[in-house]
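Accompanying notes for the structure given below.
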Amino acid sequence: MTPIELDPLYEATKHEEQVYSLWLSQNAFHSEPNPDRTPFVVMMPPPNVTGYLHIGHALNMTLQDIAIRYKRMKGFETLWLPGMDHAGIATQAVVERQIKEQGLTREGLGREEFVRRIWEWKDKYGGIILSQLKKLGVSADWERLRFTLDEPYERAVKSAFVHYYKKGLLYKGQRITNWCPHCHTAISDIEVAYANDKGHLWYVRYPFTDGSGFVTIATTRPETILADAAVAVNPADPRYADIVGREVIVPVANRVIPVIADEAVLLDFGTGALKITPGHDPTDFEVGRRHNLPGMAVIGLDGLMNENALHYRGMTVTLAREKIVAEIDALGLLEKVDDYEHSVGHCSRCSSTIEPIVTDQWYLHMKDLAARALEAEREGKVEVLPVKWRKVYEGWLENINDWCVSRQLWWGHRIPVYHCESCGEVIVSVDAPHVCPKCGGTQFSQESDVLDTWFSSALWPFATLGWPEQTASLKYYYPTSLLITGYDIIFFWVARMVMSGLEFMDDVPFRTVFITGLVRDEQGRKMSKSLKNQVDPLDLISTYGTDALRFTMASLSTYGGQDILLSDQKLLSSRNFINKLWNATRFVVANVDVKETLAGPHPADDQLGPFDRWILTRLAEATRDVTAKMDVYDFGEASHRVYEFVWGDFCDWYIELSKIPLRDEARAPATRWVLAYALENTLRLLHPFVPFVTETITQQLYGGDHLMMMAAYPEADTMATYEKDAVQADFLIGFIKAVRNLKAVFHLPPTEKQSVVAVGAESDIAAVMANAEAVKFVGRFADIDTRLDTTQRYIKGAYGTMQVMILAKSDFDFEGELKVLRGKLEILNADIVKLEARLGNQDFIAHAPVEVVDKDTLRLEALKAEEQLVGAFLKGQG
RNA sequence: GGGCGGAUAGUUCAGCGGUAGAACGCUUGCCUUACAAGCAAGAAGUCGCAGGUUCGAAUCCUGUUUCGCCCA
């Protein structure tokens with residue numbers, strides 16, 4: 001055989017690009033409906049076109065890729081569908097900023113030209129993240145890449161809108177909405193982030209029209225006084241019972257407004273009397289409706305005081321507030337000002353203060369849709385993991401409000417509602433109308449607003465498969481299997497996908513949704529631009545390699561969805577692990593032609609040595625455990641388990657122990673086969689986690705078009721195990737450890753090979769002597785004997801009931817040994833006392849399961865035997 | 001105001017009813033021809049606090065302190 005030369009260090013960057021090209025060249029990520037296989041489908045949460053790869057993606061995408069690669073190897077017809085989201089506001093903002101640098105404005109360019117420029121920009125700079133995803137090793141079906149603004153997708157969005165409209169679930173209405181003066185659009189309730197801001201509570205006097213004094217109200221927003229429609233008190237408030245129905249004068253505006261009674265007024269807030277401003281407060285809007293109050297507005301859509309604001313017109317809200325307070329004070333109507341911290345809504349995109357303003361918007365009626373989504377989850381049709389998120393999901397759906405879906409933007413899906421210019425007839429249809437069905441007119445104007453980005457994202461699991469057409473893909477792949485995403489978009493996206501899936505496909509969009517934690521920095525802080533603690537995954541990839549980043553993400557992720565604290569130490573440890581695997585491979589290939597060996601016959605059972613049998617058993621156990629964890633998407637535990645096997649069993653013990661039989665031509669062939677077999681299966685177990693290094697190695701071993709990513713995942717059930725031999729091998733490993741411990745505790749030079757004497761039960765001694773060669777080799781002993789030379793002194797240790805002794809030199813510190821033995825005896829005694837107490841307890845015997853009692857009984861016996869042995873050593877020492 | 005999550009070895013975290021675990025760090029000793037990105041051996045925890053349930057509690061229940069998040 002031609003020995004394969006591998007570098008002693010695995011350099012990730014040398015191989016990764018080439019491996020990814022290989023996968024692409026073999027079309028290994030592509031999926032087509034295949035009736036002979038069960039589909040496993042994951043819809044990638046589409047990153048924004050403007051996006052770049054951040055650490056959250058690295059976690060998300062890694063976990064998805066692990067799931068996909070695992071299922072692919074398990075023989076499923078695996079589809080991972082990638083895509084991008086047009087991300088309305090975000091993208092429009094980016095391009096608007098860009099044209100501003102050229103001295104242009106959106107309005108100046110006009111809608112058509114501006115949208116054309118965004119597309120141009122998207123074609124040039126959009127989707128950078130896709131090439132970054134490839135660096136991560138993402139094995140998505142790039143042939144099926146979807147973009148939420150592509151023509152077929154647009155048909156899906158329009159169809160959904162028309163469907164909702166015809167069903168009566170969509171309505172347009174003048175209502176108070178969250179308005180972002182900076183983004184210049186309405187936003188939905190969940191796009192508002194509330195923060196406790198420090199402000200003031202102003203107490204303002206409203207004089208009665210009849211001159212009989214005044215009523216004092218408390219407000220946090222004095223500038224909206226100009227739009228007041230009433231003063232309200234609680235009907236149950238005795239303090240104000242006699243003023244209800246009277247009239248007061250609005251300060252500064254000098255308008256007359258009534259005093260009304262309404263349940264919504266809190267008795268203990270401020271003075272108990274409130275000003276009612278239906279145009280600028282959601283609660284007041286409702287009060288206004290109940291009492292038929294006019295809804296006047298003094299703040300415009302640009303966030304400035306408007307034409308109704310008298311001499312404050314054109315001022316910012318902040319300035320107007322300052323000025324009007326001064327004016328009220330000058331009028332002698334300001335009673336007092338308190339400091340007051342209160343919750344203020346901010347735009348989740350730009351952080352601007354949200355203005356509740358009455359505008360004309362489209363709303364989607366949510367109650368019924370939500371009820372179905374709730375039911376589906378409660379019935380287990382959608383499994384939400386970790387379970388702690390179930391309540392969050394349920395809670396939101398239970399208290400849902402109608403969804404404001406229209407946005408005053410240009411980049412997005414334009415609402416498919418047309419108005420006949422002749423007769424005003426409203427036509428809602430997927431295709432633009434040509435002739436008005438009512439008057440025969442041919443001129444139409446389309447609604448200028450676009451839909452909330454999330455309206456289109458909500459259709460992602462089926463719109464990407466061709467819906468509303470009943471395509472073969474839609475039939476085969478829907479519902480999808482698994483969704484992996486962060487908890488920040490449970491409401492925005494997850495819940496809405498469930499709703500629309502049920503509405504349009506009559507089935508849930510995915511069987512399981514796994515919510516990941518958030519990646520934080522080493523101090524547990526959220527990664528953010530302002531803290532400058534953001535980590536660029538691409539930097540980590542170039543420093544540690546993609547596989548190290550992936551393995552880190554997997555091993556830090558927990559089933560409970562804990563937030564993840566990323567540290568260099570962890571990445572280093574993962575990199576070292578990958579290098580360990582690489583070097584284990586180097587050892588194997590230096591001794592075995594893996595390809596040829598595995599193509600040849602299996603060694604017969606009687607040719608396998610005890611440690612061969614041991615590692616095969618351990619491999620089967622590891623395979624069983626890893627698969628069990630993978631099957632429930634517990635990637636963290638799966639990664640720990642495979643790590644433990646690779647490093648702890650295969651490298652630390654088997655490779656070392658194999659060096660003995662490899663020197664013996666009679667035994668070498670079996671061991672060579674086991675080395676090859678264990679390596680091959682280890683690589684397969686690891687491939688979903690660390691695809692690059694495992695594929696690189698496979699290329700070295702096999703070459704050509706033999707792909708690791710298409711190999712079958714190991715099946716524990718088909719693996720031979722040798723339980724009894726494994727137990728005996730464990731006994732021998734324990735023996736070696738006991739002698740090593742003696743050597744280390746007494747500072748015997750590790751390079752100096754000592755003579756060891758083992759005395760004990762016949763079967764134990766026989767086991768040791770039968771494997772003397774291997775034991776001596778890895779334990780670094782000169783020789784093992786079973787008889788004591790009574791003329792010599794020995795360093796004494798106990799391994800269970802076995803006496804383990806090392807021939808002592810004349811200068812050996814026997815005082816020190818005495819101390820060690822006494823310490824050991826003390827620990828043994830303590831354990832024995834504890835166990836005896838437990839086993840002496842009749843309640844324990846009566847209630848505890850038999851296995852537990854048996855186990856403790858056996859343990860007590862073992863401890864007592866060892867105690868006796870150590871006791872005898874001490875006596876002998878005198 | 002309502003809800004959720006964390007508090008376990010120096011650090012970051014697993015475990016979630018039957019002998020306290022891992023990684024990193026630390027200590028001691030080793031360049032043992034796969035790997036010093038390594039090897040061997042070790043030290044290190046009254047599992048936030050107080051009650052309770054149980055033969056048995058990090059693990060279940062109640063209360064409490066504290067940190068963080070979400071919703072209103």
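In what follows, every chain begins at residue 1, and chains take the letters A, B, ... in the order their sequences are listed.
B/rA20 and B/rA37: their C1' atoms are spaced 30 Å apart (whole Å). Taking atom P in both B/rC61 and B/rA7, one finds a spacing of 15 Å when rounded to whole Å. Rounded to a whole angstrom, the distance from the C1' atom of B/rU64 to that of B/rC26 is 35 Å. If you take atom C1' in B/rU59 and the same atom in B/rA44, they sit 23 Å apart, rounded to whole Å. B/rC55 sits 34 Å from B/rA43 when the C1' atoms are compared, rounded to a whole Å. Across the C1' atoms, B/rC13 and B/rG45 are found 14 Å apart, a figure rounded to whole Å. A distance of about 33 Å separates the P atoms of B/rU11 and B/rG56, rounded to the whole Å. Between the C1' atoms of B/rG51 and B/rG10, the separation comes to 31 Å (whole Å).
Across the strands present, B/rU54 finds no partner; the criterion is a Watson-Crick or G-U wobble pair with both atom distances under 3.5 angstrom. Base pairing annotation: B/rG10 forms a Watson-Crick or G-U wobble pair with B/rC24, both donor-acceptor distances under 3.5 Å. Searching all strands for a Watson-Crick or G-U wobble partner of B/rU19 with both distances below 3.5 Å returns nothing. Nucleotide B/rG5 forms a Watson-Crick or G-U wobble pair with B/rC67, both donor-acceptor distances falling under 3.5 Å. When both pairing distances are held under 3.5 Å, B/rC47 makes no Watson-Crick or G-U pair with any nucleotide shown.
Tested against A/E398 for a salt bridge (charged side-chain N to carboxylate O under 4.0 Å, His left out), the candidates A/R390, A/R378, A/K367 yield a single pass: A/R378.
Residues passing the side chain to side chain contact (heavy atoms under 4.5 Å, CB included) test with A/L9 are A/N579, sequence neighbours excluded. Partners of A/D284 by side chain to side chain contact (heavy atoms under 4.5 Å, CB included), not counting sequence neighbours, listed by chain and number: A/I276, A/T277, A/D281.
Within the nucleic acid shown, A/D652 comes within 4.0 Å of sugar-phosphate atoms alone, with no base atom in reach, counting heavy atoms only. Residue contacts for A/K580: at a heavy-atom cut-off of 4.0 Å it reaches a base atom on one of the strands shown. Here A/L556 lies out of heavy-atom contact (under 4.0 Å) with every strand. The residue A/Q562 sits close only to the backbone: its heavy atoms come under 4.0 Å of sugar-phosphate atoms, none of a base. Within 4.0 Å of A/N741, counting heavy atoms only, lie sugar-phosphate atoms of the nucleic acid but no base atom. As judged by a 4.0 angstrom heavy-atom cut-off over every strand, A/A846 is placed among residues making no nucleic acid contact.
Taking every side-chain heavy atom of A/S573 into account, B/rC24 is the closest of B/rG5, B/rC24, B/rC55. Which of B/rA41, B/rG5, B/rU28 sits closest to the side chain of A/H747 comes down to B/rU28. Ranking B/rU32, B/rC55, B/rA34 by closeness to the A/E656 side chain, first place goes to B/rA34. Closest to the side chain of A/Q569, from the set B/rC13, B/rG25, B/rG38, is B/rG25. Candidate nucleotides B/rA72, B/rC13, B/rA41 were compared by shortest atom distance to the side chain of A/K737, and B/rA41 ranks first. Nearest to the side chain of A/W647, among B/rG38, B/rG18, B/rU19, sits B/rG38. The side chain of A/C651 approaches B/rA34 more closely than any other nucleotide in the set B/rA34, B/rU28, B/rA40. The side chain of A/Y194 lies closest to B/rA72, out of B/rG38, B/rA72, B/rA14. Checking B/rC24, B/rA34, B/rC4 against every side-chain atom of A/I655, the shortest atom distance belongs to B/rA34. Here B/rA72 is the nucleotide among B/rA72, B/rA34, B/rG3 with the atom lying nearest to any side-chain atom of A/S343.
Summarising the geometry, the separation between CG on A/N196 and P on B/rC70 is reported as 12 Å, rounded to the nearest angstrom. For A/L657 and B/rA40, the CG to P distance is 12 Å, given to the nearest whole Å. A/F587 has its CZ atom 6 Å from the P atom of B/rA34, to the nearest Å. Atom pair A/I845:CD1 and B/rG18:P shows a separation of 18 Å (rounding to whole Å applied).
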| task | Might you work through the side chain to side chain contact (heavy atoms under 4.5 Å, CB included) test for A/F551 and A/T62, ending with a clear yes or no? | result | CA-CA 9 Å; A/F551 198 80; A/T62 296; over 6 Å; no
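A donor N or O paired with an acceptor N or O is not found under 3.5 Å between the base of B/rA40 and the side-chain atoms of A/R740.
A donor-acceptor contact closer than 3.5 angstrom links the side chains of A/D189 and A/N178. With no hydrogens or angles considered, no side-chain donor-acceptor pair links A/T696 and A/Q699 at under 3.5 Å. Using modelled atom types and a 3.5 Å distance limit, the side chains of A/T552 and A/S574 yield a donor-acceptor pair.
Along RNA chain B, the nucleotide nearest A/L748 and the nucleotide nearest A/K570 are compared for position; the residue whose nucleotide lies closer to the 5' end is A/K570. Heavy-atom distances to RNA chain B give each of A/E11 and A/D563 a nearest nucleotide, and the one nearer the 5′ end belongs to A/D563.
Cation-pi geometry between A/R550 and A/F692 is not satisfied (NZ or CZ under 6.0 Å from the ring centre, within 45° of the ring normal).
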